[in-house]
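Computed from a predicted model, the values in this text were never measured in an experiment.
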Amino acid sequence: MASHIYSLINIKKIIMDNSNRFVIITGANSGIGKEAAIRFAMEGYSVIMGCRNLEKSKPVQDEIITISKNENIYLIEVDMASFSSIKIFCENVKTGFPKLDILIHNAAYFNHGEKYMLSEDNIEITFATNVAGPFLMTHLLLEHLQKSDDARILNASSNIIRHFFSPKSALDFENLRGVTSSKYKHSVYTNYRNSKMAFLMLTFRMAEEFKELGIKVNSLQINGAKMSKDTLKKFKPIWRLIASIQNLLFPAPSFMASHYFDITTSDKFKDVSGQQINHKLEAMEAGPENTSTKDAWGDKFYPNYASKKDVTDKVWNLCREWTGDFLVYN
């Protein structure tokens with residue numbers, strides 16, 4: 001897969017100027033990711049947009065430059081479902097920029113009505129994009145993050161994980177490399193739910209693993225954001241209707257985008273790591289085993305399931321196994 005870097009303006013000057021602060025935002029061409037890119041650009045950050053569709057993303061890059069009057073906005077191709085694409089992306093980042101201060105995993109796969117699909121690495125497409133891909137990118141960029149004096153990683157979570165308050169809910173590991181169970185019933189919604197729970201588990205584990213490196217890792221629980229017309233068009237008619245109704249209740253993408261900025265730049269979160277953070281910018285707690293329905297829909301607790309060490313270990317070890325050809329582990 002070819003990789004392209006646009007608008008690499010005065011790259012030698014940038015490399016020499018370590019006072020610049022660099023942020024990567026995946027999926028920065030629409031929704032919360034785009035609004036976050038605008039916010040960081042307005043604040044003078046050098047923004048690296050990691051996007052899959054360059055044709056769609058180039059006008060967005062130009063728009064952000066125009067709005068912010070900040071020309072240090074860079075667009076690099078990456079498909080978060082493809083390990084080879086992620087590796088090329090990270091090589092471009094490490095070659096083109098002196099360090100990385102902030103890594104925001106915003107991109108996610110969630111297409112209602114789609115059939116069961118595997119990524120080019122033979123992993124269920126939702127899990128590949130939302131879990132294994134960010135795992136690989138994070139590890140490939142660790143050394144670059146260590147060059148920052150205040151490195152922070154933020155993972156986009158979702159309140160869809162509330163379904164794990166039910167004792168019947170559990171991650172499905174059996175059907176991640178193809179459908180192998182006769183009991184499997186394909187659901188994009190369920191796969192997305194599972195991927196976001198697995199990603200939260202990775203957040204907690206990464207915070208532990210990277211503590212000695214001085215890298216903070218947190219997760220932001222997103223309760224929804226208004227979707228663009230282009231995003232709604234991706235849904236099949238019945239799901240588009242449901243999403244359009246939900247859209248009336250969701251806040252503008254800029255709301256959560258401002259949270260991205262606060263969590264990754266403010267002094268309030270400078271020493272905070274390993275937390276699931278809600279829309280009030282408060283750290284959430286693992287819910288008790290018998291959490292009430294009211295608590296499940298609230299903003300104080302996340303499901304206790306996220307704290308299960310054996311399940312977390314399985315998610316972590318699977319990601320290590322799958323990405324083994326792209327990483328060298330000590």
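For Tyr189 and His163, the distance between ring centers is under 6.0 angstrom. Ring-centre distance between Tyr184 and Tyr116: below the 6.0 Å cut-off. Residues Tyr45 and Phe22 keep their aromatic ring centres 6.0 Å or farther apart.
Between Ala41 and Ile64, the closest heavy-atom pair is CB-CG2, 3.8 Å. Arg152 and Lys270 get closest at one heavy-atom pair: NH2-CA, 3.4 Å.
No hydrogens or angles considered: a donor-acceptor pair under 3.5 Å links the side chains of Ser187 and Thr190. Between the side chains of Asn155 and Ser219, no donor-acceptor pair of N or O atoms lies under 3.5 Å. Neither side chain, Asn191 nor Thr126, offers a donor N or O lying under 3.5 Å from an acceptor on the other.
By the 6.0 Å contact criterion, CD on Glu143 is open, its count of non-hydrogen atoms from other residues, nucleotides or ligands being 12 or less. At most 12 heavy atoms of other shown residues, nucleotides or ligands fall within 6.0 angstrom of atom CG in Asp267. The number of heavy atoms from other shown groups lying within 6.0 Å of NZ (Lys268) is above 12.
Residue His139 forms a ring-ring contact (aromatic ring centres under 6.0 Å, His included) with just one option from Trp316, Phe326, Trp322, and that option is Trp316.
Using the six-membered ring where Trp is involved, Phe110 and Tyr192 have ring planes that are parallel, under 30° apart on the 30 and 60° scheme.
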